Amino acid sequence: MLKSAEVRRQVGQRLRELLPAATGWQESADSRIGSQTADLVSRFRLAGQDHTVVVEVSSLGQPRQIRASVTRLNEIRRELPGAHPVAAAVYIGPQSARILKSHNLGYVDLSGNCYLALENVLIEKEGKRNIRPSTRPLRSLFAPRATRVVRVLLVDPARAWRLEELARAASVSLGHAHNVVKRLEELAWVERDADQRIRLGKPVDLLESWSDSYTYRANEIASYVAPERITRRYMAELARAAAAEGRRYAFTLNAGVSLVAPNFRVPVLHCYLEGDPAPLARALGLRTVAEADGTLHVLSPYDPGVFYGALEKGGLKVVCLPQLYADLFHYERRGRDQAEHLRREAMGY
(Lines give C-alpha, C1' and ligand atoms only; values in the text may rest on other atoms or scores of the structure.)
Protein backbone atom coordinates (compact mmCIF):
# COMPACT_ATOMS: atom_id res chain seq x y z
CA MET A 1 0.00 0.00 0.00
CA LEU A 2 1.29 3.46 -0.87
CA LYS A 3 2.06 5.69 2.08
CA SER A 4 -0.11 8.78 2.55
CA ALA A 5 2.81 11.10 1.73
CA GLU A 6 3.31 9.38 -1.63
CA VAL A 7 -0.41 9.46 -2.39
CA ARG A 8 -0.40 13.17 -1.52
CA ARG A 9 2.54 13.81 -3.87
CA GLN A 10 0.90 11.94 -6.73
CA VAL A 11 -2.47 13.62 -6.13
CA GLY A 12 -0.79 17.04 -6.41
CA GLN A 13 0.67 15.97 -9.73
CA ARG A 14 -2.71 14.56 -10.83
CA LEU A 15 -4.44 17.88 -10.09
CA ARG A 16 -1.94 19.73 -12.28
CA GLU A 17 -2.53 17.23 -15.08
CA LEU A 18 -6.31 17.65 -14.81
CA LEU A 19 -6.02 21.45 -14.87
CA PRO A 20 -3.27 22.17 -17.42
CA ALA A 21 -4.50 25.74 -18.04
CA ALA A 22 -4.10 26.71 -14.37
CA THR A 23 -1.21 29.01 -13.43
CA GLY A 24 0.52 30.19 -10.30
CA TRP A 25 0.45 26.83 -8.55
CA GLN A 26 1.26 26.89 -4.82
CA GLU A 27 1.14 23.78 -2.67
CA SER A 28 1.46 23.29 1.07
CA ALA A 29 1.27 20.04 3.07
CA ASP A 30 -0.20 19.46 6.53
CA SER A 31 -1.81 22.89 6.67
CA ARG A 32 -3.85 23.79 9.73
CA ILE A 33 -7.39 24.96 8.94
CA GLY A 34 -9.41 25.57 12.08
CA SER A 35 -9.37 22.38 14.13
CA GLN A 36 -8.46 20.25 11.11
CA THR A 37 -5.17 19.56 9.35
CA ALA A 38 -5.39 19.40 5.55
CA ASP A 39 -3.06 16.89 3.89
CA LEU A 40 -2.60 19.17 0.88
CA VAL A 41 -3.69 22.69 -0.03
CA SER A 42 -3.29 23.68 -3.70
CA ARG A 43 -3.80 27.28 -4.80
CA PHE A 44 -3.87 28.33 -8.46
CA ARG A 45 -5.47 30.70 -10.93
CA LEU A 46 -7.80 29.45 -13.67
CA ALA A 47 -9.99 31.34 -16.14
CA GLY A 48 -9.37 34.62 -14.38
CA GLN A 49 -10.28 33.30 -10.91
CA ASP A 50 -8.27 32.20 -7.88
CA HIS A 51 -9.04 28.74 -6.54
CA THR A 52 -8.10 26.79 -3.42
CA VAL A 53 -8.38 23.00 -3.37
CA VAL A 54 -8.08 21.32 0.03
CA VAL A 55 -7.22 17.61 -0.11
CA GLU A 56 -7.88 14.93 2.50
CA VAL A 57 -5.97 11.68 1.79
CA SER A 58 -7.65 8.38 2.71
CA SER A 59 -5.53 5.25 3.05
CA LEU A 60 -8.11 2.94 1.46
CA GLY A 61 -10.87 5.07 -0.01
CA GLN A 62 -13.44 2.61 1.35
CA PRO A 63 -16.86 3.99 2.38
CA ARG A 64 -16.08 3.93 6.11
CA GLN A 65 -12.92 6.01 5.61
CA ILE A 66 -14.67 8.28 3.13
CA ARG A 67 -17.51 9.01 5.56
CA ALA A 68 -14.91 10.08 8.11
CA SER A 69 -13.30 12.27 5.43
CA VAL A 70 -16.69 13.84 4.69
CA THR A 71 -16.96 15.01 8.30
CA ARG A 72 -13.49 16.57 8.24
CA LEU A 73 -13.92 18.12 4.78
CA ASN A 74 -17.25 19.68 5.74
CA GLU A 75 -15.61 21.25 8.78
CA ILE A 76 -12.82 22.60 6.57
CA ARG A 77 -15.45 24.05 4.24
CA ARG A 78 -17.05 25.88 7.17
CA GLU A 79 -13.67 27.27 8.21
CA LEU A 80 -12.66 28.17 4.64
CA PRO A 81 -15.91 28.84 2.70
CA GLY A 82 -14.27 29.61 -0.63
CA ALA A 83 -12.26 26.39 -0.79
CA HIS A 84 -13.03 23.25 -2.78
CA PRO A 85 -12.72 20.20 -0.47
CA VAL A 86 -11.51 17.05 -2.21
CA ALA A 87 -11.00 13.48 -0.98
CA ALA A 88 -8.08 11.51 -2.42
CA ALA A 89 -6.99 7.87 -2.38
CA VAL A 90 -5.36 5.26 -4.57
CA TYR A 91 -8.86 4.17 -5.56
CA ILE A 92 -12.30 5.63 -4.90
CA GLY A 93 -15.01 3.18 -5.93
CA PRO A 94 -18.58 3.92 -7.01
CA GLN A 95 -20.03 3.80 -3.48
CA SER A 96 -17.45 6.20 -2.08
CA ALA A 97 -17.91 8.47 -5.10
CA ARG A 98 -21.66 8.62 -4.50
CA ILE A 99 -21.13 9.50 -0.84
CA LEU A 100 -18.80 12.38 -1.72
CA LYS A 101 -20.96 13.77 -4.53
CA SER A 102 -24.06 13.64 -2.31
CA HIS A 103 -22.21 16.04 0.04
CA ASN A 104 -21.05 18.26 -2.86
CA LEU A 105 -17.44 17.19 -2.31
CA GLY A 106 -14.87 16.39 -4.97
CA TYR A 107 -12.53 13.43 -5.27
CA VAL A 108 -9.38 12.39 -7.09
CA ASP A 109 -7.78 8.96 -7.13
CA LEU A 110 -4.61 7.56 -8.63
CA SER A 111 -6.54 5.01 -10.71
CA GLY A 112 -7.97 7.68 -13.04
CA ASN A 113 -11.33 8.53 -11.43
CA CYS A 114 -12.15 12.09 -10.40
CA TYR A 115 -14.87 14.65 -9.80
CA LEU A 116 -13.88 18.31 -9.62
CA ALA A 117 -16.55 21.00 -9.67
CA LEU A 118 -15.03 24.49 -9.58
CA GLU A 119 -17.00 27.66 -10.33
CA ASN A 120 -16.24 27.52 -14.04
CA VAL A 121 -14.90 23.99 -14.53
CA LEU A 122 -16.41 20.52 -14.19
CA ILE A 123 -14.20 17.45 -14.66
CA GLU A 124 -15.63 13.98 -14.09
CA LYS A 125 -14.08 10.63 -14.94
CA GLU A 126 -15.37 7.30 -13.67
CA GLY A 127 -15.26 3.57 -14.34
CA LYS A 128 -11.48 3.14 -13.95
CA ARG A 129 -10.41 0.03 -12.08
CA ASN A 130 -8.30 -0.06 -8.97
CA ILE A 131 -4.61 -0.01 -9.95
CA ARG A 132 -3.77 -1.73 -6.65
CA PRO A 133 -6.72 -4.10 -6.00
CA SER A 134 -4.96 -6.41 -3.54
CA THR A 135 -4.85 -4.02 -0.60
CA ARG A 136 -4.08 -6.16 2.41
CA PRO A 137 -6.94 -5.09 4.71
CA LEU A 138 -9.54 -6.29 2.19
CA ARG A 139 -7.65 -9.31 0.86
CA SER A 140 -8.35 -11.30 4.04
CA LEU A 141 -12.01 -10.21 4.03
CA PHE A 142 -12.53 -11.64 0.55
CA ALA A 143 -10.46 -14.79 0.95
CA PRO A 144 -12.44 -17.96 0.01
CA ARG A 145 -13.66 -19.01 3.48
CA ALA A 146 -14.29 -15.43 4.59
CA THR A 147 -16.36 -14.87 1.45
CA ARG A 148 -18.73 -17.58 2.64
CA VAL A 149 -19.79 -15.22 5.44
CA VAL A 150 -20.03 -12.30 3.01
CA ARG A 151 -22.19 -14.34 0.64
CA VAL A 152 -24.58 -15.44 3.41
CA LEU A 153 -25.10 -11.84 4.49
CA LEU A 154 -25.69 -10.63 0.94
CA VAL A 155 -28.19 -13.37 0.10
CA ASP A 156 -30.48 -12.29 2.96
CA PRO A 157 -29.49 -8.67 3.69
CA ALA A 158 -32.51 -7.84 5.86
CA ARG A 159 -32.01 -10.73 8.30
CA ALA A 160 -30.56 -10.21 11.77
CA TRP A 161 -28.12 -13.02 12.59
CA ARG A 162 -26.73 -14.40 15.79
CA LEU A 163 -23.05 -15.16 15.32
CA GLU A 164 -23.63 -18.90 15.82
CA GLU A 165 -26.33 -18.93 13.15
CA LEU A 166 -24.13 -17.03 10.72
CA ALA A 167 -21.18 -19.37 11.25
CA ARG A 168 -23.41 -22.43 10.77
CA ALA A 169 -24.99 -21.07 7.57
CA ALA A 170 -21.56 -20.18 6.15
CA SER A 171 -19.99 -23.52 7.19
CA VAL A 172 -17.13 -21.83 9.02
CA SER A 173 -15.95 -21.95 12.61
CA LEU A 174 -17.36 -19.57 15.19
CA GLY A 175 -13.95 -17.91 15.51
CA HIS A 176 -13.65 -17.36 11.77
CA ALA A 177 -17.13 -15.86 11.58
CA HIS A 178 -16.24 -13.57 14.50
CA ASN A 179 -13.11 -12.32 12.72
CA VAL A 180 -14.99 -11.60 9.48
CA VAL A 181 -17.79 -9.79 11.31
CA LYS A 182 -15.27 -7.75 13.27
CA ARG A 183 -13.65 -6.61 10.01
CA LEU A 184 -17.06 -5.77 8.54
CA GLU A 185 -17.87 -3.72 11.64
CA GLU A 186 -14.61 -1.80 11.27
CA LEU A 187 -15.68 -0.90 7.73
CA ALA A 188 -19.19 0.04 9.00
CA TRP A 189 -20.77 -2.51 6.65
CA VAL A 190 -22.59 -4.41 9.41
CA GLU A 191 -24.28 -3.20 12.54
CA ARG A 192 -25.67 -4.81 15.70
CA ASP A 193 -29.14 -4.39 17.14
CA ALA A 194 -30.02 -4.14 20.85
CA ASP A 195 -29.76 -7.93 21.16
CA GLN A 196 -26.29 -7.94 19.55
CA ARG A 197 -27.62 -9.62 16.43
CA ILE A 198 -25.70 -8.86 13.25
CA ARG A 199 -27.38 -7.12 10.35
CA LEU A 200 -25.92 -6.00 7.05
CA GLY A 201 -26.11 -2.20 7.02
CA LYS A 202 -24.75 -1.32 3.58
CA PRO A 203 -25.22 -4.25 1.18
CA VAL A 204 -24.31 -2.28 -1.94
CA ASP A 205 -20.96 -1.21 -0.46
CA LEU A 206 -20.11 -4.79 0.47
CA LEU A 207 -21.36 -6.29 -2.79
CA GLU A 208 -19.40 -3.92 -5.01
CA SER A 209 -16.24 -4.11 -2.92
CA TRP A 210 -16.31 -7.91 -3.08
CA SER A 211 -17.00 -7.84 -6.81
CA ASP A 212 -14.21 -5.36 -7.44
CA SER A 213 -11.66 -7.66 -5.80
CA TYR A 214 -13.06 -10.90 -7.27
CA THR A 215 -13.04 -12.55 -10.68
CA TYR A 216 -14.80 -15.72 -11.80
CA ARG A 217 -11.38 -16.72 -13.16
CA ALA A 218 -10.42 -17.58 -9.60
CA ASN A 219 -12.07 -20.87 -10.50
CA GLU A 220 -10.40 -23.48 -12.69
CA ILE A 221 -12.08 -23.48 -16.10
CA ALA A 222 -12.37 -26.44 -18.49
CA SER A 223 -13.70 -25.55 -21.95
CA TYR A 224 -15.54 -27.77 -24.43
CA VAL A 225 -17.42 -27.64 -27.69
CA ALA A 226 -21.03 -28.63 -27.13
CA PRO A 227 -22.36 -31.06 -29.77
CA GLU A 228 -25.42 -28.87 -30.36
CA ARG A 229 -26.61 -25.27 -30.05
CA ILE A 230 -26.87 -23.93 -26.52
CA THR A 231 -30.56 -24.10 -25.54
CA ARG A 232 -32.57 -24.54 -22.36
CA ARG A 233 -33.00 -28.20 -23.33
CA TYR A 234 -29.25 -28.66 -23.50
CA MET A 235 -28.83 -26.95 -20.12
CA ALA A 236 -31.36 -29.42 -18.69
CA GLU A 237 -29.38 -32.32 -20.17
CA LEU A 238 -26.22 -31.05 -18.45
CA ALA A 239 -28.13 -30.69 -15.17
CA ARG A 240 -29.47 -34.25 -15.41
CA ALA A 241 -25.98 -35.63 -16.05
CA ALA A 242 -24.64 -33.81 -12.97
CA ALA A 243 -27.55 -35.00 -10.82
CA ALA A 244 -27.06 -38.58 -12.02
CA GLU A 245 -23.53 -38.48 -10.60
CA GLY A 246 -24.72 -36.89 -7.34
CA ARG A 247 -22.78 -33.68 -7.95
CA ARG A 248 -23.82 -30.11 -7.27
CA TYR A 249 -23.99 -27.71 -10.17
CA ALA A 250 -25.17 -24.13 -10.74
CA PHE A 251 -25.28 -22.03 -13.89
CA THR A 252 -23.70 -18.57 -13.92
CA LEU A 253 -22.79 -15.62 -16.19
CA ASN A 254 -24.99 -15.47 -19.34
CA ALA A 255 -26.53 -18.86 -18.60
CA GLY A 256 -27.43 -17.73 -15.08
CA VAL A 257 -28.89 -14.45 -16.33
CA SER A 258 -30.98 -16.33 -18.89
CA LEU A 259 -32.60 -18.30 -16.07
CA VAL A 260 -33.23 -15.23 -13.91
CA ALA A 261 -34.32 -13.04 -16.86
CA PRO A 262 -36.09 -15.15 -19.54
CA ASN A 263 -35.53 -14.32 -23.22
CA PHE A 264 -31.88 -13.43 -22.57
CA ARG A 265 -29.73 -15.02 -25.28
CA VAL A 266 -27.05 -17.50 -24.21
CA PRO A 267 -24.09 -17.40 -26.63
CA VAL A 268 -21.92 -19.61 -24.39
CA LEU A 269 -22.63 -21.65 -21.30
CA HIS A 270 -20.84 -21.33 -17.94
CA CYS A 271 -21.63 -23.76 -15.17
CA TYR A 272 -20.12 -24.47 -11.77
CA LEU A 273 -19.67 -28.19 -11.22
CA GLU A 274 -18.57 -30.02 -8.11
CA GLY A 275 -15.65 -32.38 -8.70
CA ASP A 276 -13.71 -33.43 -11.79
CA PRO A 277 -15.52 -32.36 -15.00
CA ALA A 278 -13.89 -35.07 -17.15
CA PRO A 279 -16.39 -37.91 -16.45
CA LEU A 280 -19.32 -35.61 -17.16
CA ALA A 281 -17.68 -34.39 -20.35
CA ARG A 282 -17.25 -37.98 -21.54
CA ALA A 283 -20.87 -38.83 -20.71
CA LEU A 284 -22.08 -35.85 -22.76
CA GLY A 285 -19.67 -36.43 -25.66
CA LEU A 286 -17.86 -33.12 -25.19
CA ARG A 287 -14.61 -32.29 -26.94
CA THR A 288 -11.94 -30.34 -25.03
CA VAL A 289 -10.85 -27.08 -26.70
CA ALA A 290 -9.08 -23.84 -25.84
CA GLU A 291 -11.22 -21.43 -23.87
CA ALA A 292 -11.55 -18.99 -26.78
CA ASP A 293 -13.09 -21.75 -28.92
CA GLY A 294 -15.40 -23.20 -26.29
CA THR A 295 -19.18 -23.03 -26.14
CA LEU A 296 -19.41 -24.77 -22.76
CA HIS A 297 -17.17 -23.75 -19.85
CA VAL A 298 -17.19 -25.83 -16.68
CA LEU A 299 -15.96 -23.99 -13.59
CA SER A 300 -14.46 -26.05 -10.78
CA PRO A 301 -15.34 -23.93 -7.71
CA TYR A 302 -12.49 -22.21 -5.90
CA ASP A 303 -14.57 -22.83 -2.78
CA PRO A 304 -17.81 -24.80 -2.25
CA GLY A 305 -19.40 -21.62 -0.91
CA VAL A 306 -20.31 -20.70 -4.51
CA PHE A 307 -23.23 -23.14 -4.20
CA TYR A 308 -24.70 -21.39 -1.14
CA GLY A 309 -28.22 -20.09 -1.71
CA ALA A 310 -28.45 -21.47 -5.25
CA LEU A 311 -31.80 -20.66 -6.86
CA GLU A 312 -34.01 -23.01 -8.84
CA LYS A 313 -35.45 -21.53 -12.02
CA GLY A 314 -37.45 -23.70 -14.39
CA GLY A 315 -36.08 -26.81 -12.73
CA LEU A 316 -32.46 -25.68 -13.18
CA LYS A 317 -29.97 -24.43 -10.58
CA VAL A 318 -28.45 -20.97 -10.84
CA VAL A 319 -25.99 -19.41 -8.38
CA CYS A 320 -27.38 -16.99 -5.82
CA LEU A 321 -27.84 -13.44 -7.06
CA PRO A 322 -24.82 -11.94 -5.23
CA GLN A 323 -22.58 -14.64 -6.74
CA LEU A 324 -24.07 -14.03 -10.18
CA TYR A 325 -23.44 -10.28 -9.78
CA ALA A 326 -19.82 -10.89 -8.72
CA ASP A 327 -19.22 -13.27 -11.63
CA LEU A 328 -20.67 -10.80 -14.14
CA PHE A 329 -18.79 -7.79 -12.75
CA HIS A 330 -15.57 -8.41 -14.70
CA TYR A 331 -17.04 -10.52 -17.52
CA GLU A 332 -16.42 -9.17 -21.03
CA ARG A 333 -17.55 -5.74 -22.07
CA ARG A 334 -21.20 -5.76 -21.00
CA GLY A 335 -20.80 -7.85 -17.87
CA ARG A 336 -20.86 -4.88 -15.53
CA ASP A 337 -23.94 -3.43 -17.21
CA GLN A 338 -25.70 -6.79 -16.81
CA ALA A 339 -24.59 -6.95 -13.19
CA GLU A 340 -26.02 -3.51 -12.44
CA HIS A 341 -29.29 -4.36 -14.21
CA LEU A 342 -29.51 -7.55 -12.13
CA ARG A 343 -28.93 -5.63 -8.91
CA ARG A 344 -31.54 -2.98 -9.69
CA GLU A 345 -34.22 -5.33 -11.00
CA ALA A 346 -33.80 -8.49 -8.96
CA MET A 347 -31.72 -7.92 -5.81
CA GLY A 348 -33.60 -5.11 -4.12
CA TYR A 349 -30.56 -3.09 -3.02
Side-chain angles (χ1 to χ4, degrees), residues 62-64 66-67 93-102 126-127 138 141-142 146-163 165-166 168-171 177 180-181 183-185 187-195 197-216 250-264 266 270 272 305-331 334-349:
Q62 292 295 324
R64 179 174 181 266
I66 290 300
R67 288 188 180 93
Q95 310 90 356
S96 296
R98 284 195 292 268
I99 292 167
L100 290 162
K101 290 170 71 174
S102 70
E126 57 185 16
L138 293 182
L141 180 58
F142 299 130
T147 304
R148 296 182 196 178
V149 178
V150 168
R151 193 183 287 104
V152 169
L153 290 168
L154 287 169
V155 165
D156 196 357
R159 176 172 173 175
W161 296 84
R162 297 198 181 280
L163 187 62
E165 297 172 332
L166 185 59
R168 188 163 53 249
S171 299
V180 175
V181 169
R183 184 71 185 103
L184 291 170
E185 285 181 303
L187 292 164
W189 287 344
V190 298
E191 51 198 30
R192 292 182 185 264
D193 62 18
D195 297 320
R197 291 177 300 180
I198 301 151
R199 188 189 301 272
L200 186 56
K202 297 179 173 62
V204 175
D205 289 1
L206 179 57
L207 176 66
E208 293 193 2
S209 293
W210 171 34
S211 301
D212 189 58
S213 68
Y214 168 81
T215 170
Y216 71 95
F251 292 103
T252 189
L253 294 174
N254 288 331
V257 175
S258 75
L259 295 172
V260 175
N263 303 321
F264 185 85
V266 186
H270 288 80
Y272 286 104
V306 299
F307 294 114
Y308 176 82
L311 306 171
E312 186 167 315
K313 298 289 184 179
L316 300 175
K317 296 286 188 181
V318 57
V319 294
C320 66
L321 296 182
Q323 182 68 53
L324 183 55
Y325 180 99
D327 287 339
L328 285 166
F329 199 74
H330 292 303
Y331 178 64
R334 295 197 61 245
R336 190 166 301 191
D337 292 338
Q338 292 172 13
E340 284 303 314
H341 180 77
L342 177 76
R343 183 180 64 80
R344 289 194 306 268
E345 300 299 322
M347 298 180 70
Y349 57 83

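Treat the numbers as computed from the prediction; the structure is a model and nothing was measured.
- With sequence neighbours excluded, the residues satisfying side-chain hydrogen bond (donor to acceptor under 3.5 Å, both in side chains) with Arg151 are Tyr302, Gln323.
- Partners of Asp195 according to the side-chain hydrogen bond (donor to acceptor under 3.5 Å, both in side chains) rule, which considers only residues two or more places apart in sequence or in another chain, do not exist here.
- In this structure, Ile66 CD1 and Arg98 CZ are separated by 13.0 Å, a value rounded to the nearest 0.5 Å.
- Note that CG of Leu166 and CG of Leu153 are 5.0 Å apart. Values are rounded to the nearest 0.5 Å.
- Every residue meeting the salt bridge (Lys or Arg N to Asp or Glu O under 4.0 Å) condition with Glu185, not counting sequence neighbours, appears here in chain and number order: Arg192.
- With hydrogens and angles disregarded, a donor-acceptor distance shorter than 3.5 Å links the side chain of Tyr349 to the backbone of Leu154.
- Between Tyr272 and Phe307, the ring-plane angle classifies as perpendicular under the 30° and 60° cut-offs.
- Using modelled atom types, one side-chain atom of Ser102 and one backbone atom of Ile99 make a donor-acceptor pair closer than 3.5 Å.
- Within the 4.5 Å cutoff, the side chain of Leu141 has heavy atoms near those of the Trp189 side chain.
- Among residue pairs with one or both ends in residues 316-329, those qualifying as salt bridge (Lys or Arg N to Asp or Glu O under 4.0 Å) are Glu312-Lys317; sequence neighbours excluded.
- At a threshold of 4.5 Å between non-hydrogen side-chain atoms, the residues Ser209 and Phe142 count as touching.
- In this structure, the separation between CH2 on Trp210 and OG1 on Thr147 is 6.5 Å, given to the nearest 0.5 Å.
- Closest heavy-atom contact between Pro63 and Ser96: N-OG, 3.4 Å.
- Here the closest heavy-atom approach between residue Pro203 and residue Pro157 is recorded as CB-CB, 4.3 Å.
- Judged by distance alone, the side chain of Arg199 and the main-chain N or O of Ala158 form a donor-acceptor pair under 3.5 Å.
- Going from atom CG of Asp212 over to atom CG of Leu207 covers 11.0 Å, rounded to the nearest 0.5 Å.
- Within the 4.5 Å cutoff, no side-chain heavy atoms of Glu126 are placed close to those of Pro94.
- When all heavy atoms are compared, the tightest approach of Ser211 to Ala326 is OG-CA, 3.5 Å.
- Gly305 approaches Arg148 most closely through the heavy-atom pair CA-CG, 4.2 Å.
- One distance of note links CG of Leu259 with CG of Leu311; it measures 9.5 Å at 0.5 Å rounding.
- Atom OG1 of residue Thr252 and atom CG of residue Leu328 lie 6.0 Å apart, to the nearest 0.5 angstrom.
- Looking at Trp161 and Val181, their side chains never come closer than 4.5 Å, going by heavy atoms from C-beta outward.
- For the pair His341 (side chain) and Ala346 (backbone), a donor-acceptor distance under 3.5 Å is absent.
- In terms of the side-chain hydrogen bond (donor to acceptor under 3.5 Å, both in side chains) criterion, residue partners of Lys101 (sequence neighbours excluded) are, by chain and number, Glu124.
- The heavy-atom pair separating Val318 from Gly256 by the smallest distance is CG2-CA, 3.4 Å.
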**OP:** In sequence, state the C-alpha distance, the side-chain angles, and the governing distance for Val155 and Leu321, and then conclude on side chain to side chain contact (heavy atoms under 4.5 Å, CB included).
**Re:** CA-CA 7 Å; Val155 165; Leu321 296 182; over 6 Å; no
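- Glu340 is linked by a side chain to side chain contact (heavy atoms under 4.5 Å, CB included) to Glu208, Tyr325, Arg343, Arg344, counting only residues two or more places apart in sequence or in another chain.
- Contact detail for His330 and Tyr214: the closest heavy-atom pair is CD2-O, 2.9 Å.
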